[in-house]
Number of protein chains: 2
Amino acid sequence: MPCSPIGCPMDSLLRLLMGPWTTYILYVLRSNGPTRFGELKRRVAGVSAKVLTARLRMLEQSDVLERHYEPTIPPQVTYALSPRGRELADVIDRLGGIAKKWKDEDAAKAATSTTSAPPAPAAVPAKPRAPSPAAA
Amino acid sequence: MPCSPIGCPMDSLLRLLMGPWTTYILYVLRSNGPTRFGELKRRVAGVSAKVLTARLRMLEQSDVLERHYEPTIPPQVTYALSPRGRELADVIDRLGGIAKKWKDEDAAKAATSTTSAPPAPAAVPAKPRAPSPAAA
DNA sequence: TAAAGTAGGTACCTTTAAGTAACTAGATGA
DNA sequence: TCATCTAGTTACTTAAAGGTACCTACTTTA
């Protein structure tokens with residue numbers, strides 16, 4: 001079940017971003033700088049250690065972030081964005097900009113439409129959707 | 001199981017891109033222009049009608065693409081990118097560029113390392129990974 | 001003595017989402 | 001008359017993920 005045909009270079013990259021939390025991990029790492037595992041887990045609220053570990057391994061193996069292991073007695077492991085990670089985080093940022101813009105546009109549109117009208121119906125009744133045969 | 005905390009504008013956008021085939025649908029629509037359902041299904045090789053329909057509905061509801069229904073007797077339904085879709089496709093293109101660059105870099109690195117060496121071992125044995133307690 | 005904090009690993013369960021196949025209407029072509 | 005094409009829909013099945021809980025070794029603190 002690929003995101004795109006096998007061999008497409010996007011495929012592996014998307015597989016990277018696709019997992020839950022991934023972009024948020026990158027976001028935290030970008031805005032927070034090198035971060036320890038526990039701190040990361042606290043900031044990415046709601047993520048389980050298992051999934052966080054899995055994501056970090058994926059990202060590390062793809063050279064998107066760097067893992068620094070300090071063998072002190074309570075061991076200290078720090079994660080930081082690599083150059084690739086920063087490159088990726090920039091694009092994600094751009095994506096975030098688009099997302100925010102759309103949301104604002106939607107909010108503005110909703111505001112004007114509800115200025116003198118009841119809450120808009122969820123569906124688009126006038127649209128000539130292909131009739132559902134089974135519904136007959 | 002959000003990709004990021006609830007309320008983050010990225011969340012819905014990522015949910016859009018995350019689904020399998022989504023980016024490829026956008027890619028086909030971008031390079032091919034308005035495309036009919038069957039043609040789309042043929043170009044996005046391997047996708048099932050069910051999933052393709054689901055993705056198209058998602059993208060349509062998010063105003064990423066436009067659906068045009070022509071009630072001829074074999075009905076003709078055409079999908080095309082909306083302005084938002086083109087905006088999104090641009091970013092995806094950038095992401096694709098990064099993916100390609102990384103792949104080339106990896107290939108080059110692999111070529112130099114295998115010039116006089118056997119296939120590189122898959123793991124990184126020298127890295128001081130935190131010892132696995134259960135393995136002892 | 002026992003709990004807490006470090007950074008995870010592992011087993012088990014559940015949920016979600018994809019795949020597959022069969023079905024739809026109505027006209028056309030063999 | 002039956003299959004085919006259009007653009008899907010629906011039910012059923014299955015597999016891949018995530019969630020939860022419990023486990024590790026070692027030290028410090030209460």
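Heavy-atom basis, side chains included; hydrogens, waters and symmetry copies ignored. In what follows, chains are A, B, ... by sequence order, proteins preceding strands, each numbered from 1.
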With respect to the phosphate group of [N], does any side-chain polar atom (N or O) of [X] fall under 4.0 Å of OP1 or OP2?
| X | N | value |
| --- | --- | --- |
| A:Y69 | C:dT6 | no |
| B:R36 | D:dT6 | no |
| B:S48 | C:dG19 | yes |

Closest to side chain of [X], choosing from [options]:
| X | options | result |
| --- | --- | --- |
| B:I73 | C:dA27, D:dA7, D:dT27 | C:dA27 |
| A:A49 | D:dG8, C:dA18, C:dG8 | C:dG8 |
| B:F37 | D:dT6, C:dC12, D:dG8 | D:dG8 |
| A:R67 | C:dA7, D:dG19, D:dT9 | C:dA7 |
| A:R55 | C:dG9, D:dG18, D:dT10 | D:dG18 |
| A:W21 | D:dG19, C:dG8, D:dT9 | D:dG19 |

Answer yes or no: is there a side-chain heavy-atom contact under 4.5 Å between B:L40 and B:L56?
yes
Are the side chains of B:H68 and B:V77 in contact, using a 4.5 Å heavy-atom criterion?
no
Check the distance between [N]'s [atom2] and [X]'s [atom1] and give it to me in whole angstrom.
| X | N | atom1 | atom2 | value |
| --- | --- | --- | --- | --- |
| A:L16 | D:dA17 | CG | C1' | 16 Å |
| A:L40 | C:dT6 | CG | C1' | 15 Å |
| B:M58 | D:dG8 | CE | C1' | 18 Å |
| A:L52 | C:dG9 | CG | P | 11 Å |
| B:R15 | D:dG18 | CZ | P | 13 Å |
| A:L56 | C:dG8 | CG | C1' | 10 Å |
| B:Q76 | C:dA27 | CD | P | 16 Å |

Within the structure shown, what part of the strands sits under 4.0 Å from A:T53 by heavy-atom distance: base, sugar-phosphate, or nothing?
sugar-phosphate
Checking all strands, does A:K41 fall into the base, sugar-phosphate, or nothing category for heavy-atom contacts under 4.0 angstrom?
nothing
Value rounded to 0.5 Å, distance of CG in B:L29 from CD in B:E66
10.0 Å
Value rounded to 0.5 Å, distance of CG in B:N32 from OG1 in B:T35
4.0 Å
Tell me the bend of the helix from C:dT1-D:dA30 to C:dT24-D:dA7 as the angle between end helix axes, each from five pairs, rounded to the nearest 10 degrees.
30°
Who pairs with B:F37 by ring pair (Phe, Tyr, Trp, His ring centres under 6.0 Å), at least two apart in sequence or on another chain?
none
Do the charged groups of [X] and [Y] touch, with an N to O distance under 4.0 Å?
| X | Y | value |
| --- | --- | --- |
| A:D90 | A:R94 | no |
| B:R84 | A:D106 | yes |
| A:E39 | A:R36 | no |

Counting distance alone, no hydrogens or angles: does the base of D:dG8 have a donor or acceptor under 3.5 Å from a partner atom on the side chain of B:K50?
no
Contacts of B:T78 and A:P74 projected onto DNA chain D by closest heavy atom; the upstream (5') one is B:T78
